[in-house]
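Residue numbers begin at 1 in each chain, while the letters A, B, ... track the order of the sequences. No experiment lies behind these values; they were computed from the predicted model shown.
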Protein chains: 2
Amino acid sequence: MSDEPWSPPAVLIAVDLVILTLRAAELHVLLVERGIEPYEGAQALPGGFLNNAGEDIPDAARRELQEEASLDTSRLHLEQLGAYGLPGRDPRGRVVSVAYLAIAPGLPDPAAGTDAADASWKPVEGILSGHRKLAFDHRQIVTDGVERARSKLEHSALATAFCDRTFTISELQQVYEAVWGVRLDPRNFYRKVQGVPGFIVPAGPDRRSTKGRPARLFQAGPRNVLHPPLIRPDSSTTNEGDR
Amino acid sequence: MSDEPWSPPAVLIAVDLVILTLRAAELHVLLVERGIEPYEGAQALPGGFLNNAGEDIPDAARRELQEEASLDTSRLHLEQLGAYGLPGRDPRGRVVSVAYLAIAPGLPDPAAGTDAADASWKPVEGILSGHRKLAFDHRQIVTDGVERARSKLEHSALATAFCDRTFTISELQQVYEAVWGVRLDPRNFYRKVQGVPGFIVPAGPDRRSTKGRPARLFQAGPRNVLHPPLIRPDSSTTNEGDR
DNA sequence: CGAATAGTGTCTATAAGACATTATACT
DNA sequence: AGTATAATGTCTTATAGACACTATTCG
């Protein structure tokens, strides 16, 4: 067990991004159509290899996001999901991918003619259920990303990242309902959200109107951890292991 | 932006392990003294490089654990913490390390004379506070691992992994107190733990005795997710961002 | 008995969930 | 007025936290 003249195997590092957003009260994820082999023509998460040996991994994530989806990364909340490195997950060789989760407010479809023309928002539902096939192990990554988002909604102010800078309480409720996939009582939701100090704060004296009574506008407050947490309704007590 | 004849940089993949255990009612982590440069002689997490390009990363983690600490990995709960790949974290070049968290029941000190003679349990306290310096970015990894353990104690049956196969409720309470760093009311703890269906189940009609009234023995139940969760006492409402 | 630890009960404040009512805009 | 949405209030039940008491072993 002394030091043999041995050198560890070199592998390629990639980043993959799970960008979630809300469209039509449903949770969507950003996908791109692959232009090259392997999985050419298939849907995949935006991502790619490190540019050079000196590039920081989160920087690479932001760069790929910019390149592949023309998304303004500066206002985006980015969080590492984990490393995915199963041998054989990429037919080109040993690739370890570091996955990131990001949350974006509702955005228009990527415009045709731009360099992001092959990017599009797809409902996560079809992916989780397996109806829509993704390249590589990206279905697993999406699954983990959605679960992370669901969990973080309980204890952090992540939900506000789905909204514009100002939002109404019912808009915030729609975030919770879409991500958790449940219906919530508006009155209890209102009370609970207001009861968490620093979660949301009133934004200006102004209001917004569409049909009924105008709603107050709020913005994200200073507190990122929620006390008390917003517990999601018991999803019928399903048992679960780790991954 | 077409495909240039460019190839992505290759990096080295390492694994690092945060093995937590309880000793004398205090949370300890397994450290090894490094025998080679860089950081020769310094304390570090057990870990090392992938053996070959075909080795699965969790397998590498188990192998390193076996090699460096002679720990029986088969009964160990292993969970990925994340990837640590900051450029410059390893002076030998670009290394991305995948960190794992594992929980072990109380174990004796590694015996001298074995291949794990340079391994030892150290209190996490001194590491978190910065009094004990670790190699590389291992202090950060330990910090993340401890925080993960603290969080998982709330929602999963992870605490039982700190105990032997059978344990008493007060032993289980000591786990929570040590990991969370708080004192809990034995009566309320007893009631809450018993109120979570499937968390712990009675183990045989037998009892154990030391001084006072003999305690009932339990073992880990079938349920891994806790309903309702065991909320840790408000740590004075400190605000926190992500990492 | 007294010391030590295990287990049970009771009370109160707080939060969750169900549901009714009022408020403010629009046409 | 009628409709639509926002905001507030009330009641009931469950859970959290504080605390007192009983039970079983040992010396």
(request) Could you say whether A/Thr168 or B/Asp185 is positioned toward the 5' end of DNA chain D, judged by the nucleotide with the nearest heavy atom to each? (result) A/Thr168
(message) Applying side chain to side chain contact (heavy atoms under 4.5 Å, CB included) to B/Lys122 and B/His28, what does each step give before you reach the verdict?
(response) CA-CA 5 Å; B/Lys122 305 290 185 197; B/His28 285 59; 5.5 Å; no
(message) Check the orientation of B/Trp180 and B/Tyr176. Use parallel for under 30°, tilted for 30 to 60°, and perpendicular for over 60°.
(response) perpendicular
(request) Could you check how far CG of B/Leu184 sits from C1' of D/dA16, rounded to whole Å? (result) 12 Å
(message) Please tell me if B/Arg216 has a side-chain N or O lying less than 4.0 Å from either OP1 or OP2 of C/dT8.
(response) yes
(request) Take atom CZ of A/Arg213 and atom P of C/dA25, then tell me their distance rounded to the nearest Å. (result) 8 Å
(request) Let me know the distance between CG of A/Asn188 and C1' of C/dT14, rounded to the nearest Å. (result) 15 Å
(request) Rounded off to whole Å, could you give me the CZ-to-P distance for the A/Phe167 and D/dA6 pair? (result) 14 Å
(message) Check this for me, if you would: do B/Glu147 and B/Arg232 make a salt bridge, where the nitrogen-to-carboxylate-oxygen distance has to be below 4.0 angstrom?
(response) yes
(request) Check the distance between D/dC19's P and B/Arg183's CZ and give it to me in whole angstrom. (result) 15 Å
(request) Can you tell me the distance, in whole Å, between the CZ atom of B/Phe189 and the P atom of D/dA18? (result) 15 Å
(message) With a 4.0 Å cutoff (strictly under), does any side-chain N or O of B/Lys211 reach OP1 or OP2 of C/dA6?
(response) no
(request) Check the distance between D/dT5's P and A/Gln173's CD and give it to me in whole angstrom. (result) 13 Å
(request) Return the value, rounded to whole Å, for the distance between atom CD1 of B/Ile231 and atom P of C/dT14. (result) 17 Å
(message) Measuring from atom CZ of A/Arg216 to atom CZ of A/Phe167, what distance do you get when rounded to the nearest 0.5 angstrom?
(response) 14.0 Å
(request) Confirm from the modelled atom types if A/Arg191 and D/dG9 form a donor-acceptor pair under 3.5 Å, side chain to base only. (result) no
(message) Treating A/Asp137 as the side-chain partner and A/Gln140 as the backbone partner, does any N or O pair qualify as donor plus acceptor under 3.5 Å?
(response) no
(message) From C-beta outward on B/Tyr190, which listed nucleotide comes closest to its side chain: D/dC19, D/dA16, C/dT8?
(response) C/dT8
(message) Considering every strand and a 4.0 Å limit on heavy-atom distances, what is the contact class for A/Arg187: base, sugar-phosphate, or nothing?
(response) base
(message) The side chain of A/Lys192 is closest to which nucleotide in this list: C/dA16, D/dG17, D/dA23?
(response) C/dA16
